[in-house]
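Working notes, beginning with the structure itself.
For clarity, every value in this text was computed on a predicted model and none was experimentally measured. Side chains included, hydrogens not; waters and symmetry mates left out as well; all remaining heavy atoms used. Throughout, residue positions are numbered sequentially from 1 according to the sequence presented. All ligand and atom numbering here is 1-based and tracks the order in the structure.
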Amino acid sequence: MSLNSQDMLEAMDGIALLIDPDLVVRHIGWSHWTDFWKKNGGDSDPVGVVGRDITEFFSEGEVRDVYRTLFLDVAKKARHAVKINYRCDSPVLRRSMRLTVTAVQTGARTEYLLYQSMTLEVEQRPAIPLFGAPTGTSGPDIVKVCAVCAKVQWPTGGSAAGTEWIEPQDYYRRGGADVVVLSHGFCGPCQKILLSEDE
Ligand SMILES: [Zn+2]
């Protein structure tokens, strides 16, 4: 790149990272990252990101595996980009985000992936405690939430057969339990969008 990569990252909207073709974070736009951390309730210093595999920050299981495959596909030019609008809610905030991952080429070689995560919209709404539940991948009280649209698989309990995906606010209307463990996955339509080449 002709532009200093650090300057470029600082100038970009949202959280901007350069990750290497093995998906290890090499550079980060610090100002936005620090802002994001503070806004989202981090009391301590922002967590260190440089030197870590980007997929560590994704929910373990299906979500991490699918994003890892997609990012590696961008790195080896098997796909052009990953572009997805997704929800990242807290109990009282409906947060719409956009993720884009594109290759930064030096000649024919992929030097980095540019990873950019932007907040599009944040709305306050009546609390949905479900979004504050601890996460895990197994157990009797598992509730699966789509990592893209935030819909909840219903009935809960893990198996995909005969289930539907409902709006998170309908979870409690249908008598969903208060004490649960969250696991993230993808509903059918979101999986299709995520895997499609041109979003
Ligand atoms: Zn979905």
Side-chain angles (χ1 to χ4, degrees), residues 13-15 17 23 36 40 53-74 78-102 113 115-199:
D13 285 338
I15 293 167
L17 311 171
L23 310 187
F36 178 83
N40 292 286
D53 187 312
I54 188 70
T55 61
E56 277 179 41
F57 299 97
F58 288 73
S59 302
E60 197 187 338
E62 183 185 6
V63 174
R64 184 180 296 172
D65 296 347
V66 167
Y67 277 114
R68 162 168 285 276
T69 302
L70 290 174
F71 298 164
L72 289 173
D73 280 353
V74 175
R79 66 183 291 136
H80 179 62
V82 175
K83 295 180 180 177
I84 188 85
N85 290 351
Y86 68 101
R87 289 266 297 279
C88 184
D89 289 22
S90 76
V92 295
L93 296 179
R94 183 190 198 281
R95 200 185 283 123
S96 302
M97 313 272 295
R98 178 168 180 79
L99 170 68
T100 62
V101 175
T102 51
L113 298 179
Y115 175 105
Q116 200 180 6
S117 170
M118 276 168 296
T119 304
L120 302 178
E121 201 180 10
V122 181
E123 272 177 75
Q124 202 131 26
R125 56 150 164 66
I128 301 176
L130 188 60
F131 291 119
T135 56
T137 50
S138 62
D141 308 316
I142 215 105
V143 174
K144 201 169 195 180
V145 171
C146 177
V148 173
C149 69
K151 283 184 179 161
V152 179
Q153 193 176 34
W154 189 269
T156 60
S159 162
T163 60
E164 56 177 325
W165 292 81
I166 61 171
E167 291 299 335
Q169 46 283 30
D170 292 335
Y171 171 80
Y172 292 105
R173 283 182 205 141
R174 295 200 187 194
D178 284 330
V179 182
V180 296
V181 174
L182 268 195
S183 107
H184 290 97
F186 300 111
C187 73
C190 289
Q191 183 145 31
K192 225 176 259 174
I193 293 169
L194 194 60
L195 299 180
S196 72
E197 266 299 328
D198 18 60
E199 170 247 2

Exercise. With the side chain counted from C-beta on, respond yes when C190 and K151 share a heavy-atom pair under 4.5 Å apart, and no when they do not.
Key: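 Result no, sub-4.5 Å side-chain heavy-atom pair not found.
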
Self-check item: Count, waters excluded, of protein N, O or S atoms under 2.8 Å from the Zn ion (ligand 1)
Solution: 4

Quiz item: What are the two closest non-hydrogen atoms of G136 and I142, and how far apart are they?
Solution: O-CD1, 3.8 Å

Quiz prompt | Residue pair Q124 / L93: nearest heavy atoms and the distance that separates them | solution = CA-CD2, 4.1 Å

Residues in side chain to side chain donor-acceptor pair (under 3.5 Å) with [X], at least two apart?
{"X": "S59", "value": "H184"}
{"X": "T119", "value": "none"}
{"X": "R64", "value": "none"}

